[in-house]
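Here is the structure we will look at, set down as structure tokens.
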Number of protein chains: 4
Amino acid sequence: MLDRYAYLGPAGTFTEAALRQVVGPDSATCLPHIDVVSAIEAVREGEAEYAVVAIENSVEGGVTTVLDTLAAGSPLVILREMLVPVSFALAGLPSQSLDAVRRIAAHPHAWAQCRAWIHRNLPRAWHVPASSNTAAAAAFADALAMHDDAPHTTADSTPEVMSGIVQRLGFDAALVPPMAVAHYGLTALAEGVADNPDAVTRFVLVGPPGQTPPATGADKTTLQVHLPAERAGALLEMLEHFATRGINLTRIESRPSGVALGRYSFSIDAEGHIADARMAEAMIGLHRFSPLVRYMGSYPMAGGGASPLKEGTHDADFAAAHAWIDAVRRGETV
Amino acid sequence: MLDRYAYLGPAGTFTEAALRQVVGPDSATCLPHIDVVSAIEAVREGEAEYAVVAIENSVEGGVTTVLDTLAAGSPLVILREMLVPVSFALAGLPSQSLDAVRRIAAHPHAWAQCRAWIHRNLPRAWHVPASSNTAAAAAFADALAMHDDAPHTTADSTPEVMSGIVQRLGFDAALVPPMAVAHYGLTALAEGVADNPDAVTRFVLVGPPGQTPPATGADKTTLQVHLPAERAGALLEMLEHFATRGINLTRIESRPSGVALGRYSFSIDAEGHIADARMAEAMIGLHRFSPLVRYMGSYPMAGGGASPLKEGTHDADFAAAHAWIDAVRRGETV
Amino acid sequence: MLDRYAYLGPAGTFTEAALRQVVGPDSATCLPHIDVVSAIEAVREGEAEYAVVAIENSVEGGVTTVLDTLAAGSPLVILREMLVPVSFALAGLPSQSLDAVRRIAAHPHAWAQCRAWIHRNLPRAWHVPASSNTAAAAAFADALAMHDDAPHTTADSTPEVMSGIVQRLGFDAALVPPMAVAHYGLTALAEGVADNPDAVTRFVLVGPPGQTPPATGADKTTLQVHLPAERAGALLEMLEHFATRGINLTRIESRPSGVALGRYSFSIDAEGHIADARMAEAMIGLHRFSPLVRYMGSYPMAGGGASPLKEGTHDADFAAAHAWIDAVRRGETV
Amino acid sequence: MLDRYAYLGPAGTFTEAALRQVVGPDSATCLPHIDVVSAIEAVREGEAEYAVVAIENSVEGGVTTVLDTLAAGSPLVILREMLVPVSFALAGLPSQSLDAVRRIAAHPHAWAQCRAWIHRNLPRAWHVPASSNTAAAAAFADALAMHDDAPHTTADSTPEVMSGIVQRLGFDAALVPPMAVAHYGLTALAEGVADNPDAVTRFVLVGPPGQTPPATGADKTTLQVHLPAERAGALLEMLEHFATRGINLTRIESRPSGVALGRYSFSIDAEGHIADARMAEAMIGLHRFSPLVRYMGSYPMAGGGASPLKEGTHDADFAAAHAWIDAVRRGETV
């Protein structure tokens, strides 16, 4: 039986693009969910082996919810991260020219990411809000399908006919995820539409604990760390546990702890793998300091960019220091 | 002319509940938006004077997007924060008994917040996913309206008729925000449905800069702080600028800076008002340290819970220290 | 053969008082040295098994020199610390009354420690500088001895005769260490002379490495830690290695490293014993961070006052944290 | 009337060499004192306008005492620092050859600084302890003077006569400060005797407050800072006040505060001048944090080696940050 992967559907989303970096359509059962919470819960409830969800900078939303949902409830770990460029296709009617586009359906998140491009290339176009990145694609596809299904001749595909479709839809083009173009049988009037060509969304593959991928030398570890209530400067103190072991953080987000007003918990991505001595020592320190530390996975960093190791934090440095302290304790050196 | 307030609509959302803490329905023009981004942009584009958006722990999503949208683009500041309890009504048909509920429409975020309540009170009910917190309320209302509009006698409101409505809808109750009950003319089968009675969503009122509310003694300041790229330990160093002035942070979230991979910016809520000496000194320190600090408003804390001031951080302490250094510089004391 | 103890002589010094806390006059060979350096070097050169030297707040000087001499050269460790109250006897002639004292011989350090007492009790007395704490005692004793040796009758011990002695000496009383009174056969006109009744000098017993006393639960560890040159904030970073393990420092002194201008080394006393997990982890961290860490002994704290252990820093906390990380690495928990 | 300078005498000490960097013998009244405490007190009591005392790494001792004496009692400030190389002359009889030296009088501190040189150049010489760096010079001079005063012929200055002098003295050469050679009319058998050619002693000129020298761009400020008792991590917190203003420390020494056991005070040299914005801000922070901060002078660094200013800590950076916060407070920027 194929493994089941829950993801934020429908087909054609950026999340599906992330899922496709992990499995092909024929090598897994892909289960679209209406929401990231239900995708994650599907794994907890045994309806899927894995879930793919956005964890940072998403144009599909839900990042905060993902963090909170992963951090509470039965344990899940992150097994892999995947980066997907934030880049849209402008989908339109087959016969349409880019210059003629006037009304662009787009989810406001998508519109915000492409505003400058639109302003530069289609200064006379305006925004028709859509309720999701794929909603406009689906509406387009439905309209075309209805037209195709109707008895008509080739002459029917005239500009006049198309214009009628557009009038019923209320827009003549849509910003959609690249994968949605083919999926919905649309025509791309422009591709690579994005104001920031370097923007990416970070997705993760989550599954049950007990299957940490091996260290690669460029890994991340995700942790949830609760702060002790009673200590002033507790956040600084927590960060010092990473700093003294030379560990760089790539993400930190405070979350209300749920325990009491003014109590905080932090969702953290730290460079390094639980198999690395520096990460293990930092986690040992955090375990002593924090009322609750939750390990949420060590996995390879996507996209490279691992920081160079700080002097004195290689596994060999830890081994040498342990050997020294043992010798001092035996009275053999000072 | 009434001030215009953009918010995440439609009517009946938790965001509308936050908006109602600020203005009544008759004292302002309230403009529902499809998305938080477009609500915020409405202020930037002059279509509204203010926007109300969730900024933490929302069951309506978009928190990350709100932070990013506020932090980029033309300046906006936070003028006020409002807390709204995360508590739902279970809306049903007028004739229905709670015990008979079997299929509950709910957005997955809402479902996740009420799972234990449902399990305890309606163990045989199951989840029908809805696309938003108000979508099920609207569908319910439409179905009832259609039924009401149809020619019928009182006898038509029999259980059999209701059952037909339910069958067409696909659910027989819905978890909806409390305000949606009256707005959509629904019947509350249960109120105060929530697993964590203390959970709240934090909303903010945003507007153009230049109108900071006066300090109250229990205020917050929101800042966006970019880290210099080249310094190891830059996050610790940034936090020390707050710590040395005795300032407690209530929220911190790293955001990709958009400038380059591995460059970070932080969205921060800090206790204190820009009119307080300790906050001004901390911001002076951050301005020296950071390539970009953006002030995003000082405003009263909602819900109380301000930390006691650390010794040596009252305005009078700063004044005394300045007076001392001036006297030392003049050679009058040591 | 009796163990040999080198100390800052001659007999009667505060250092001898410290030595007497360790050994009695008959159970050891006590070797007075002219200077702390030569006392320490006597151990290095095999002329003594141990040395007793002041390490903090001495009225006999040389503390800085002790630190530097211990930190350089062949390894020595501290085996024990001893506190000696900074309290003097005012020694005079047998027949003299306290009120009549006018000229007090005292080393300037001693004078500085007793100035207020003298002002209060002997407002008309003035200071005759002496070159050491025992020099005046010895001069007194010599003068008395010469007088005793001279052929004379009891009548010779008249005030007139005494006055003659005093005139030759140039002083009529002396501030001396309490032990010097008996040793030099003097008469104490007053005892417990001190402005600060709580002032103590801290002495240590040093010897060759390899003989660390067992942990008592209230111990100190002395370390010499060199800073890496190239790192800004290196001092803060060093201290964080102690702080993250909950270790309190009781003494820190920067010393020019001798390697290059602007390079520093630190002499540190830290609470805890090398057998304690927290101390071992801190030293492991320092060893990774520093170009040179030198262990200079773990030994019981004299005088009590050990800080309460910070939460999360007991040996059991370290053991629990190590067990947790091992279980996480095996995939058995999160 | 000439200004009076108190210093650790007698003539010929390293301290006199430091004094000579400040004033010539004819432009001031130089008052030799038996001890650093009495030299400092001479200024407090109006017997001298200034004192010159060693403050770091001295071969004449008393550094700890200097710090404690300056930090307590009526205010004094440091006006200047002077570096004196730790380098000795080997003084002998006029007729003596270096190779023939066998017994070298030296204070143990001096001997410790020259041990390797002696071992290399005079392997058969041994140490005759002297009680100070100038005591042997004075003894030498006295012996020669007595010889010169005695009725004798040139023939009397034969090796045999000299040998007699040496026998009475107990040594045939002495390690003395370079200035002592001429002062005592000795003959230098070797000059520049030192194991570490870079070793220097740091001296300071102290006087009454109210006369801070102007900033030069390479200055130091000396402070005495007491720690609040009740705060864990207080030392780290104190250092953060310097670090957040980019200030480098060149010396730090913990001193028992004298107030209570376990309470500490720190003697600190920090780079920068009280006229610099960064130093003033750090001192303002310390004043808020500490129960007692005592300013002990800003003065030019001797010997250069000022650290490059950290980015964001120039006066202009402080001015820009203050201008920004003022504009934010007026609502003119964010």
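Naming convention: chains lettered A, B, ... in sequence-line order (proteins, then strands); numbering from 1 in each chain. Here the structure is a predicted model, which means the values were calculated and not measured.
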When rounded to the nearest 0.5 angstrom, what distance separates CG in Leu236(A) from OG1 in Thr244(B)?
-> 9.5 Å
Between CG on residue Asp35(B) and CH2 on residue Trp111(A), distance to nearest 0.5 Å = 13.5 Å
Side chain, backbone, both or neither: which part of His107(B) has a heavy atom under 4.5 Å from chain A?
-> side chain
Is there a donor-acceptor pair closer than 3.5 Å between any side-chain N or O of [X] and the backbone N or O of [Y]?
| X | Y | result |
| --- | --- | --- |
| Thr64(A) | Val63(B) | no |
| Ser38(B) | Pro108(A) | no |
| Tyr264(B) | Thr250(A) | yes |

Part of [X] within contact of chain B (heavy atom distance under 4.5 Å):
| X | result |
| --- | --- |
| Ala130(A) | backbone |
| Phe266(A) | side chain |
| His33(A) | neither |

Do Glu56(A) and Arg255(B) meet the salt-bridge criterion of a basic N to acidic O distance under 4.0 Å?
->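 Here Arg255(B) does not pair with Glu56(A) in a salt bridge, since their nearest N and O are not under 4.0 Å apart.
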Indicate yes or no: does Glu41(A) engage Arg115(B) in a salt bridge with an N to O separation below 4.0 Å.
->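 Salt bridge: yes.
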Does any non-hydrogen side-chain atom of Ile34(B) lie less than 4.5 Å from one of Ser131(A)?
->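 A side-chain contact under 4.5 Å exists here.
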Can you check whether Glu253(B) reaches Ile252(A) side chain to side chain, under 4.5 Å on heavy atoms?
-> no
Listed by chain and number, what are the ring-ring contact (aromatic ring centres under 6.0 Å, His included) partners of Tyr7(A), not counting sequence neighbours?
->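 Counting only residues at least two positions away or on another chain, Tyr7(A) forms no ring-ring contact (aromatic ring centres under 6.0 Å, His included).
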Sequence-distant partners of Phe88(A), ring-ring contact (aromatic ring centres under 6.0 Å, His included), two or more places apart | Phe14(A)
Does atom CZ of Arg124(A) have more than 12 heavy-atom neighbours from other groups under 6.0 Å away?
->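 Not more than 12 within 6.0 Å, no.
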